[in-house]
Amino acid sequence: MTLRQNPYSIKRFHNDDVAPPGDYASDPGAFIPTEAFDAARREISAWPGYEPTPLLALNGLAEALGIGSLHLNYEAPRFGLGSFMALGGAYAVALYLRSRIREATGNDADTQSLLSGTYAGTTGNITVCSATDGNHGRSVAWGAQMFGCRCVIYVPHHTSQGRIDAIAAFGAEVIRHHANYDDTVRQCAAVAAENGWTVISDTSYDGYTQIPLDVMSGYTVLAAELLEQLPTGERPSHVFVQGGVGGFASGVIAPLWHHWGKDRPRFVFINPDNAAAMLRSAEAGNRVAIEGDLETVMACLSCGELSLLAWKLLARTIDDTIAIPDEAATDTMRTLADGVNGDAPVVAGESGCAGVAGLIAAINDDGDAKEILGLDADSRVLCICTEGATDPALYAEIVGRTPEQVMA
Ligand SMILES: Cc1ncc(COP(=O)(O)O)c(C=O)c1O
């Protein structure tokens with residue numbers, strides 16, 4: 001079966017300023033410390049319901065694309081929350097509550113004492129808050145509920161009711177702010193300052209870096225798991241990572257960069273066309289804030305400004321950045337749902353599929369992206385499906401079948 005996706009015109013930028021291979025250890029200030037990878041794995045693997053997410057081999061799609069292999073890390077089952085983000089926000093909440101317990105009691109709370117409410121007298125008086133398009137807020141709300149503190153979540157104007165309900169299900173108060181994501185981040189920070197709440201954000205800015213670093217450290221667990229699951233001897237030539245503020249890409253790239261050293265793969269970053277903060281920043285060589293409605297079906301990638309820390313890492317590690325139109329994502333959702341050449345169907349959300357959408361768009365590009373990115377029969381590509389159908393109604397509208405029908 002050939003791939004039924006039309007060519008797209010994609011925008012792309014190649015970065016000549018990437019750090020030399022193997023540079024990880026010599027530039028630690030810009031990277032997540034390696035000890036943080038193990039600390040996050042120890043903590044998160046002790047949470048109830050922990051299981052590594054699967055790494056799928058999409059041989060049929062690889063064949064249709066004319067590449068050597070395609071592996072897809074599938075994050076939909078993550079802790080039953082639907083996305084990789086379960087790893088980050090909840091982890092930062094755990095670390096933050098630990099630090100407050102230490103201040104209040106002098107004790108180092110372990111995971112079990114946090115889960116069992118030993119320190120409920122301290123944690124019950126703490127409010128964490130965050131601005132989110134959906135998945136990060138779900139993770140923070142889940143962590144707050146699991147570890148026993150209050151939670152307020154701000155969402156921007158475009159967030160669907162399905163996503164709001166999913167956050168509220170974890171006991172958080174959800175407030176819709178009638179503005180875009182970046183304004184919502186600012187509003188959340190202002191209200192938190194007035195009320196003495198603590199912002200658990202996945203994006204960092206001047207003077208606010210520790211918590212977002214904890215969030216990114218949580219994401220590294222995904223990379224550690226996938227390294228264990230790759231077939232022996234399989235070393236990807238390309239890794240496609242989608243991005244909004246860039247925390248996800250950073251959390252994945254840091255451990256892979258460290259692991260493969262001089263044999264590292266080529267890292268390709270995917271932005272939506274209408275929210276291409278990374279593309280614009282890569283072109284400018286600076287962290288550029290973009291304006292506008294940033295409207296895209298890839299709602300979780302709708303961000304106008306990269307995280308300060310993420311930019312420091314991505315500026316030196318991303319080889320190529322591409323921006324794809326919304327149809328690339330919606331077509332790819334349908335392609336993955338159908339399965340190509342005998343591949344099992346995959347339920348991938350609008351932002352979740354963006355890595356694979358970027359790969360397909362680069363290969364089907366009506367320009368020279370395939371050649372410039374060096375995608376050919378020898379390419380071994382790794383993508384991450386960062387979410388399943390986190391908004392099932394929207395998924396069914398786009399794919400024409402519910403997630404359950406696709407899986408049946
Ligand atoms: C499903 C999904 N994929 C990718 C991303 C991108 O992560 P980041 O904003 O850290 O780049 C997000 C962010 O919300 C997301 O929810």
Side-chain angles (χ1 to χ4, degrees), residues 8-13 83 85 130-138 153-167 174-191 199 201-205 241-249 269-284 286-308 310-311 314 321-333 349-355 357-358 361 386-387 389-391 393-395 397-398:
Y8 315 98
S9 280
I10 62 169
K11 303 189 185 85
R12 59 161 194 83
F13 177 79
S83 86
M85 285 211 145
S130 192
T132 176
D133 283 311
N135 292 327
H136 173 68
R138 205 177 289 197
I153 300 293
Y154 280 81
V155 295
H157 67 100
H158 61 255
T159 307
S160 70
Q161 194 57 41
R163 292 186 191 283
I164 290 177
D165 295 344
I167 299 168
V174 186
I175 299 171
R176 193 193 286 274
H177 183 60
H178 291 280
N180 71 15
Y181 174 78
D182 300 288
D183 285 335
T184 308
V185 169
R186 284 185 274 275
Q187 171 71 4
C188 174
V191 178
V199 177
S201 175
D202 57 345
T203 194
S204 56
Y205 35 89
V241 279
Q242 57 270 52
V245 300
F248 161 68
F269 192 102
I270 294 97
N271 266 158
D273 236 354
N274 201 34
M278 177 63 193
L279 180 69
R280 293 282 301 283
S281 300
E283 284 167 349
N286 267 310
R287 192 166 67 113
V288 173
I290 56 172
E291 304 282 330
D293 63 19
L294 311 176
E295 209 65 63
T296 165
V297 73
M298 293 165 267
C300 305
L301 311 183
S302 170
C303 308
E305 193 168 11
L306 292 167
S307 165
L308 177 71
W311 167 245
L314 299 174
T321 304
I322 62 180
I324 59 170
D326 278 2
E327 310 87 85
T330 49
D331 287 349
T332 300
M333 287 169 73
E350 311 83 72
S351 304
C353 74
T386 49
E387 66 174 351
T390 49
D391 187 341
L394 189 55
Y395 181 89
E397 200 179 298
I398 294 170

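A quick note: this is a predicted structure, and the numbers were derived from the prediction, not measured.
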**Student:** Is any side-chain heavy atom of Tyr181 less than 4.5 Å from a side-chain heavy atom of Leu294?
**Tutor:** no
**Student:** Mind listing the closest non-hydrogen atom pair of Gln242 and Thr386 along with its distance?
**Tutor:** NE2-OG1, 3.1 Å
**Student:** With Thr332, which residues qualify under side chain to side chain contact (heavy atoms under 4.5 Å, CB included), at least two apart?
**Tutor:** Gln5, Leu336, Cys353, Val356, Ala357, Ile360
**Student:** Using modelled atom types and a 3.5 Å cut-off, is there a donor and acceptor pairing between side-chain atoms of Thr203 and backbone atoms of Val245?
**Tutor:** no
**Student:** Give the minimum heavy-atom separation between Ser9 and Pro325, together with the two atoms involved.
**Tutor:** O-CD, 4.4 Å
**Student:** Which heavy-atom pair separates Asn180 from Asp183 by the least distance, and what is that distance?
**Tutor:** OD1-N, 3.0 Å
**Student:** From the options Ile164, Thr132, Ile175, select the one residue that forms a side-chain contact (heavy atoms from CB on, under 4.5 Å) with Ile153.
**Tutor:** Thr132
**Student:** Which pair of heavy atoms, one from Gly358 and one from Ile322, lies closest together, and at what distance?
**Tutor:** O-CD1, 3.5 Å
**Student:** Could you pull out the closest heavy-atom pair between Glu327 and Tyr8, with the gap in Å?
**Tutor:** O-OH, 3.9 Å
**Student:** Rounded to the nearest 0.5 Å, what separates atom CE in Met278 from atom CD in Glu283?
**Tutor:** 10.5 Å
**Student:** Which residue, Asn274, Asp326, Asn271, forms the side-chain hydrogen bond (donor to acceptor under 3.5 Å, both in side chains) with Thr296?
**Tutor:** Asp326
**Student:** If only atom types and distance count, is the side chain of Glu387 paired as donor or acceptor with the main-chain N or O of Ser83 below 3.5 Å?
**Tutor:** no
**Student:** Hey, could you give me each pair passing salt bridge (Lys or Arg N to Asp or Glu O under 4.0 Å) that has a residue in residues 286-306? Not counting sequence neighbours.
**Tutor:** Arg287-Glu305
**Student:** Are the side chains of Met298 and Ile324 in touch, meaning some heavy atoms are under 4.5 Å apart?
**Tutor:** yes
**Student:** Please give me the minimum heavy-atom distance between Ala275 and Leu301, naming the atom from each residue.
**Tutor:** CB-O, 3.8 Å
**Student:** Just wondering, are more than 12 heavy atoms of other shown residues or ligands nearer than 6.0 Å to CZ in Arg12?
**Tutor:** yes
**Student:** Only one of Arg163, Glu350, Arg138 clears side-chain hydrogen bond (donor to acceptor under 3.5 Å, both in side chains) with Thr390; which?
**Tutor:** Arg163
**Student:** Tell me whether Thr321 contacts the main-chain N or O of Phe13 through its side chain, where contact means a donor paired with an acceptor under 3.5 Å.
**Tutor:** no
**Student:** How long is the straight-line distance from SG of Cys300 back to CZ of Phe248, given to the nearest 0.5 Å?
**Tutor:** 11.5 Å
**Student:** With distance as the sole criterion, is a donor-acceptor pair present between the side chains of Ser204 and Ser307 under 3.5 Å?
**Tutor:** yes
**Student:** Test your reading of the model: is there a side-chain donor-acceptor pair from Arg176 to the backbone of Val155, 3.5 Å cut-off?
**Tutor:** no
**Student:** Any chance you could measure Asn286, atom CG, to Leu306, atom CG, to the nearest 0.5 Å?
**Tutor:** 11.5 Å
